[in-house]
Visitor: 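Shown below is the structure under consideration.
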Amino acid sequence: MRTITFSQAVNEAIAEELRRDPTVFLWGEDVAEAGTPFKVLSGLVEEFGPERIIDTPISEPGFVGMAVGAALTGTRPIVDLMFGDFLFLVMDQLCNQAAKQSYMSGGKLKVPMVLRTNLGATRRSAAQHSQSLQALVAHIPGLKVALPSSPREAKGLLKSAVRDDNPVVIFEDKLMYQAKGPVPEPEEEELIPFGQANRLQEGEDLSLVATSSMVQVAEEAAEGLRAEGYSADVIDVRTLVPLDEDTILASVRKTGRVIVLDEGHQSYGATAEIASRIADKAFYHLDAPVTRFGAWDVPVPFSPALEDQTVPDVARTVERALQLIRGEVARA
Amino acid sequence: MRTITFSQAVNEAIAEELRRDPTVFLWGEDVAEAGTPFKVLSGLVEEFGPERIIDTPISEPGFVGMAVGAALTGTRPIVDLMFGDFLFLVMDQLCNQAAKQSYMSGGKLKVPMVLRTNLGATRRSAAQHSQSLQALVAHIPGLKVALPSSPREAKGLLKSAVRDDNPVVIFEDKLMYQAKGPVPEPEEEELIPFGQANRLQEGEDLSLVATSSMVQVAEEAAEGLRAEGYSADVIDVRTLVPLDEDTILASVRKTGRVIVLDEGHQSYGATAEIASRIADKAFYHLDAPVTRFGAWDVPVPFSPALEDQTVPDVARTVERALQLIRGEVARA
Amino acid sequence: MTARKTTRKTTKTARKAARKTVDSAGRTPEQLLEAYRQMVRIRAFEDNANELYLQAKMPGLTHMSSGQEASAVGVCEALDERDKITSTHRGHGHCVARGATFRPMFCELLGKEEGYCHGKGGSMHIADQENGNLGANAIVGGSTGIATGAAFSAKYLGTGGVAVCFLGDGALGQGILYEVMNMAALWKLPVIYACENNQYGEYTHIDEMLAGNMLERARAFGIEAEEVDGQDLLAVMAAADRAVARARAGEGATFLALKTYRYFGHHVGDINRSYYRTKEEEEHWKAERDPIPLFGEVLLERGIATAEELTAIGEAISREAEEAVEYALEAPYPPAEAARDHVYAS
Amino acid sequence: MTARKTTRKTTKTARKAARKTVDSAGRTPEQLLEAYRQMVRIRAFEDNANELYLQAKMPGLTHMSSGQEASAVGVCEALDERDKITSTHRGHGHCVARGATFRPMFCELLGKEEGYCHGKGGSMHIADQENGNLGANAIVGGSTGIATGAAFSAKYLGTGGVAVCFLGDGALGQGILYEVMNMAALWKLPVIYACENNQYGEYTHIDEMLAGNMLERARAFGIEAEEVDGQDLLAVMAAADRAVARARAGEGATFLALKTYRYFGHHVGDINRSYYRTKEEEEHWKAERDPIPLFGEVLLERGIATAEELTAIGEAISREAEEAVEYALEAPYPPAEAARDHVYAS
Ligand SMILES: Cc1ncc(C[n+]2csc(CCOP(=O)(O)OP(=O)(O)O)c2C)c(N)n1
Ligand SMILES: Cc1ncc(C[n+]2csc(CCOP(=O)(O)OP(=O)(O)O)c2C)c(N)n1
Ligand SMILES: [Mg+2]
Ligand SMILES: [Mg+2]
């Protein structure tokens with residue numbers, strides 16, 4: 001397999017879907033000539049023209065609402081939301097409108113749209129440009145939520161998203177855009193299905209269940225554990241909705257110990273759902289309490305002296321994993 | 001103690017705070033002469049005049065944003081958001097602005113505002129007027145989140161909210177507005193502090209931990225259990241943020257079994273946070289898996305034939321409680 | 001309702017107003033008669049819905065559009081099968097005007113399986129995909145994006161279709177309207193903002209909610225804007241024809257300010273209204289500005305129908321509505337398990 | 001920056017433009033000189049911030065306001081200590097103009113403990129509560145509500161204060177602006193929307209983003225609107241004086257469209273700009289329309305300062321800025337535990 005960047009993988013996925021289906025188009029702010037501030041979409045307007053790669057005004061609620069209307073009437077919009085933090089601006093159109101059309105109409109309407117946005121702190125972008133808000137949309141029935149963890153995942157999940165007949169929110173990790181990884185050749189089309197978690201490493205002592213940016217942390221933590229003589233299952237959740245409970249539970253039933261990692265704020269975040277399902281459904285298999293690592297419950301601080309510690313990291317994950325494995329967790 | 005309705009209790013709380021502090025004012029849609037569609041605010045404009053009880057246009061993002069600005073500059077706005085579902089419209093102003101001002105300014109700014117809104121289904125109001133969205137705001141650091149479960153709670157928590165220097169979102173249960181309950185006389189001012197859960201019943205066999213509308217379900221379920229010879233702790237969470245972990249954990253460590261109830265959608269909802277904290281921190285005390293009951297993960301359906309079942313109820317709570325107590329939970 | 005009122009003597013002013021109106025662009029007598037029937041259907045639908053509520057047979061609340069028939073019908077008569085509409089919480093009129101039938105509408109209002117949305121939507125979310133009605137919306141302003149997006153895809157796909165966004169005057173408070181009007185103007189989208197200015201948002205008069213000028217707002221966003229007497233069916237139809245022609249010709253969006261009035265309260269439970277509007281005002285609109293008798297007069301004067309024929313229309317539609325109500329009351333609810341379906345399209 | 005450019009020979013057209021400007025409402029020579037200094041301070045601040053970025057000494061990104069000094073200073077010079085401003089992502093200029101000093105500003109940009117926000121905000125959230133700056137905002141349009149609310153509380157509390165909302169032309173795409181302008185007009189709030197129309201939002205020209213007419217938009221919402229040459233300090237000051245007077249007199253809100261230009265890219269990393277604007281255009285604005293030399297000419301002509309004095313001002317401010325940068329580079333970071341503080345006010 002060739003090696004390309006996450007950013008290229010996203011670009012390819014969109015280009016391939018635009019070529020395949022003329023009803024697919026894309027809009028957002030500075031997506032055409034500028035190719036987004038992250039340059040993820042560079043080149044697309046040259047191939048597909050400004051009728052299909054469309055620069056909008058700075059009107060997130062408006063163009064998300066319009067995407068819902070377009071999706072209801074025969075097209076398949078991909079919406080580029082420049083920062084995940086701007087989700088707050090579009091929640092009404094996304095959650096009151098897009099998410100509910102199928103249900104409220106008794107199945108007569110559908111909204112095949114993709115909202116591409118991002119997550120991730122540690123870029124010194126401060127509180128309004130660093131949030132990881134996947135838990136919010138995952139809470140709303142009618143939306144699907146995908147979180148690619150590598151270039152290959154980014155391509156395969158995005159292509160599936162475009163073909164899904166439901167509104168899908170896909171979060172890309174901004175920190176990963178330049179990361180490289182193996183991706184199948186364009187000829188070998190790969191659609192990664194929703195609702196199937198991906199086991200990246202196999203182990204016996206502990207399960208590490210992670211999303212997006214935290215998959216990398218989990219993988220490195222697993223390596224750290226190997227150095228201590230332990231092995232871990234590493235599971236990439238891939239989609240929060242639908243959630244592949246089975247794969248996660250099977251792993252935990254095997255290992256008896258688990259850490260769940262996600263870059264959103266910890267409280268009322270994605271780790272809570274996964275952890276509480278495990279605690280309920282794998283209760284009799286657990287040898288230690290289920291640990292969650294989310295971001296601190298603080299707005300993301302700007303200062304380099306403050307920011308990094310607010311996000312889960314490898315060292316603390318390894319440390320906690322060892323405590324769990326060695327039975328060193330205090331019994332309150 | 002006299003007995004008044006939930007609606008009267010809210011009205012009294014606001015009137016008392018308006019009388020006490022001239023910097024407090026209230027705005028929202030149809031709050032003045034109309035006293036809101038629920039008539040909760042009737043009479044206030046007559047006493048306090050249209051300068052302090054202010055009808056706004058139908059501009060939720062606008063008037064929430066303006067409340068942030070007003071709160072930053074010496075007043076203490078109470079904002080009336082007619083339906084909890086409209087939270088989606090104001091998330092940016094609430095979560096990107098109000099919630100983060102204190103932190104982003106390094107403590108130099110504060111936003112003493114209250115957003116009063118509601119929750120609750122089973123009113124045949126369909127998918128856009130029935131949601132219980134407390135988990136969303138609870139996920140955002142910088143916001144406090146209160147959920148009164150009775151007239152007395154409604155008054156005492158609201159008064160505390162008005163005096164808090166932070167943005168507080170308070171969810172009233174629309175179904176409860178006409179419910180009556182004991183409330184201290186106006187002379188005996190009662191402020192219910194945030195972050196202190198309330199144990200309503202004491203028992204040995206099980207803990208029922210509930211929010212808002214579900215507190216009533218928990219209380220009735222506890223009665224149902226008494227009929228079967230079992231007793232339950234019933235805990236009203238009161239505030240999701242700050243969350244009184246200690247009271248909840250103490251109860252579960254005693255009983256060893258727990259059901260967590262909340263009317264928001266179950267997945268990625270409030271029950272997940274509470275349940276996963278219990279599963280982690282009371283792990284060695286649990287005799288059975290932590291059960292969560294939230295609303296189904298479906299938009300709220302209109303039809304009377306469909307709606308009620310989507311919300312947790314007493315019968316299913318009792319049934320599950322008995323399974324937990326009798327050790328009849330299947331071991332997967 | 002209906003036929004009785006139609007044949008009732010309207011006042012001189014009203015009659016004169018009706019005569020003065022712009023003529024309808026080449027519509028046949030039968031088309032005009034059908035437009036009349038549509039208005040009567042709406043009135044009949046609302047009267048029955050109100051009755052159902054008063055008899056506690058209807059779950060939840062609903063918002064009557066009685067008095068606003070001419071805007072719904074006048075606009076929808078300008079459309080064809082390529083076109084889409086989006087509607088509001090006060091949406092029964094739009095639904096009927098766009099071609100929906102009584103049975104599945106009443107079934108929907110009662111939460112029955114045979115409703116347009118299998119009972120899942122109810123009054124505030126009634127949609128009729130086959131007739132191009134993308135649905136009522138319980139969020140004020142919530143469908144402005146949807147309609148504008150539907151206009152985008154009509155243009156993108158080259159269907160020649162037009163999208164109409166019905167909205168109330170209160171929706172002018174919602175910022176999203178300006179965002180999408182801006183894009184509609186920039187991209188010359190075939191969309192019509194049909195603003196039913198019934199002068200109130202819930203219990204508040206528009207003067208307390210709207211600064212500046214409604215028409216100027218649209219114009220400042222590059223949108224053609226026109227004020228129309230919303231009680232005059234022919235005037236509405238003519239303005240809608242112009243707007244549709246502009247849209248189909250690729251000339252872009254139009255904002256129609258249709259001045260009208262709702263006869264009932266904001267919703268069926270809004271009975272005591274004197275604190276926000278006078279009985280006299282209500283009476284004035286009902287007596288002088290009722291779109292159904294106003295248009296009935298036109299039909300009589302033009303010899304398109306006799307008074308007896310109009311009466312017969314009213315009676316036939318009344319019976320039809322009552323029959324549909326009976327049907328809907330008897331119709332089965334969806335099975336409880338249906339609550340799990342349709343969260344996702346598959 | 002600075003003094004050198006000030007004494008540089010400006011072209012004839014520019015000189016003429018400067019002479020033609022409206023006179024400032026009774027400001028003393030010293031006040032005018034101070035306004036000049038403020039513009040030079042902004043330029044010096046931005047040049048140093050850019051340098052810090054280029055030397056990889058600054059964390060994150062930042063948006064330079066060089067070229068836009070006259071709008072920031074002209075507006076803020078019309079204010080007094082009762083007044084508040086809200087700022088944008090391009091907010092250093094507003095912050096300086098409102099009275100902030102270099103050291104805590106640079107400290108904030110570098111994430112240091114002594115920064116205005118103890119390092120938690122950074123460039124995009126710099127606030128200076130003591131000088132009435134409620135803060136920059138990283139959400140386009142995000143402070144429109146805040147400023148309007150601040151105007152509300154000034155009126156409610158009877159402080160006599162005014163609130164200024166700085167916003168970019170791109171913020172006209174955000175619906176919330178129209179919601180709050182409507183309320184500002186309805187309630188006659190003492191607020192000024194100071195729109196710095198630098199003609200681009202990121203990498204897109206305003207013509208692709210804005211249909212209709214900016215001034216008409218404000219007017220259609222009942223807001224007084226005025227177009228102003230944003231490179232002409234005296235013109236901005238005069239327009240701001242009028243707007244402040246209206247606001248203090250209880251006559252309501254004003255929208256100022258301040259036409260201006262940003263010299264640098266959208267942010268410090270936006271180096272290759274030719275795909276969205278020409279070098280010639282950039283050169284034109286820098287050579288012909290630079291607000292600092294334009295106003296320097298006025299001071300010279302009026303005999304308020306000599307060329308040497310202006311040069312000295314520039315040099316003194318340069319030194320001051322460089323000293324502050326040195327200070328900030330050496331200043332300590334906040335302790336790691338500080339990340340837990342200030343989530344809630346107590
Ligand atoms: C976003 C939002 N805010 C508030 C409401 C509550 N509400 C329902 S209808 C209505 C008034 C709408 O007025 P208008 O648009 O003029 O329509 P009308 O009822 O007059 O037909 C309000 C405030 C709502 N449904 N959605
Ligand atoms: C709601 C929102 N959308 C998009 C952005 C990304 N963004 C930052 S600045 C900017 C352009 C703003 O243009 P303008 O308001 O004209 O200000 P200028 O940068 O020209 O000073 C954009 C799109 C943002 N910060 N917030
Ligand atoms: Mg209205
Ligand atoms: Mg700009």
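By convention in this document, chain letters (A, B, ...) are assigned in the order of the sequence lines, proteins followed by strands, and residues within each chain are numbered from 1. All values below come from the heavy atoms of this structure, side chains included, with hydrogens, waters and symmetry mates left out.
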Visitor: By a 4.5 Å heavy-atom criterion (distance strictly below it), what part of A:Gln93 contacts chain B: side chain, backbone, both, or neither?
Guide: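 Neither; nothing under 4.5 Å.
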Visitor: Among B:Thr291, B:Leu240, B:Leu286, single out the residue with the greatest number of heavy-atom pairs under 4.5 Å to chain A.
Guide: B:Leu240
Visitor: With only heavy atoms counted, which part of A:Val290 is less than 4.5 Å from chain B, the side chain, the backbone, both or neither?
Guide: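 A:Val290 touches chain B through backbone heavy atoms alone.
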Visitor: In this structure, are over 12 heavy atoms from other groups packed under 6.0 Å from A:Lys108 atom NZ?
Guide: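 Above 12, so yes.
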Visitor: Counting only heavy atoms closer than 4.5 Å, note whether B:Ala126 contacts chain A via side chain, backbone, both or neither.
Guide: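 For B:Ala126, no heavy atom lies under 4.5 Å from chain A.
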Visitor: Output the distance between atom SG (B:Cys95) and atom CG (A:Leu87), rounded to the nearest 0.5 Å.
Guide: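 That separation rounds to 11.0 Å.
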Visitor: Step by step, would you call A:Gln128 with B:Gln97 a side-chain contact (heavy atoms from CB on, under 4.5 Å)?
Guide: CA-CA 9 Å; A:Gln128 295 174 342; B:Gln97 307 298 344; 3.4 Å; yes
Visitor: Decide yes or no on side-chain contact (heavy atoms from CB on, under 4.5 Å) for B:Leu89 and A:Asn96, but give the supporting numbers first.
Guide: CA-CA 9 Å; B:Leu89 284 156; A:Asn96 273 332; 5.6 Å; no
Visitor: With rounding to the nearest 0.5 angstrom, report the CZ to CZ distance, B:Phe283 to A:Phe283.
Guide: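 Answer for the CZ-CZ pair, B:Phe283 versus A:Phe283, is 7.0 Å.
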Visitor: Would you check if B:Pro289 and A:Lys281 make a side-chain contact, meaning some heavy-atom pair closer than 4.5 Å?
Guide: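 No, too far: nothing below the 4.5 Å cut-off.
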Visitor: What part of B:Val300 gets closer than 4.5 Å to chain A, counting heavy atoms only: side chain, backbone, both or neither?
Guide: backbone
Visitor: Distance only, no hydrogens: is a donor on one side chain within 3.5 Å (strictly under) of an acceptor on the other, for A:Arg277 and B:Ser276?
Guide: no
Visitor: Measure B:Pro61 against the heavy atoms of chain A and call it side chain, backbone, both or neither at under 4.5 Å.
Guide: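 No part of it gets close to chain A.
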Visitor: Select, from A:Gly142, A:Ala99, A:Gly269, A:Ser102, the one with the greatest count of heavy-atom pairs under 4.5 Å involving chain B.
Guide: A:Gly269
Visitor: Using heavy-atom distances under 4.5 Å, tell me whether A:Leu243 contacts chain B through its side chain, its backbone, both, or neither.
Guide: side chain
Visitor: With a 4.5 Å cut-off on heavy-atom pairs, point out which of A:Val90, A:Asp297, A:Leu136 contacts chain B the most.
Guide: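 If we count pairs closer than 4.5 Å to chain B, A:Leu136 comes out on top.
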Visitor: First locate atom CD of B:Gln266, then atom NE2 of A:His139, and finally report the distance between them rounded to the nearest 0.5 Å.
Guide: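 Output value for this atom pair is 10.5 Å.
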Visitor: I need the B:Lys100 NZ to A:Asp85 CG distance, nearest 0.5 Å.
Guide: 7.5 Å
Visitor: Determine the option with the most heavy-atom pairs under 4.5 angstrom with chain A, choosing from B:Ala275, B:Ala279, B:Ala127.
Guide: B:Ala127
Visitor: How long is the straight-line distance from CD1 of A:Ile274 back to OH of B:Tyr268, given to the nearest 0.5 Å?
Guide: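 Separation between the atoms: 5.0 Å.
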Visitor: Within this structure, what is the CG-CE distance for the pair B:Leu94 and A:Met91, rounded to the nearest 0.5 Å?
Guide: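 Answer for the CG-CE pair, B:Leu94 versus A:Met91, is 11.0 Å.
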Visitor: If you count heavy-atom pairs under 4.5 Å with chain A, which of B:Gly106, B:Gly264, B:Ala288 comes out on top?
Guide: B:Ala288
Visitor: Name the option with the most non-hydrogen atom pairs under 4.5 Å to chain B; the candidates are A:Gly294, A:Ser267, A:Ala135.
Guide: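 Option with the greatest count: A:Ser267.
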Visitor: Which region of A:Phe88, side chain (C-beta onward) or backbone (N, CA, C, O), has a non-hydrogen atom less than 4.5 Å from a non-hydrogen atom of chain B, or is it both or neither?
Guide: both
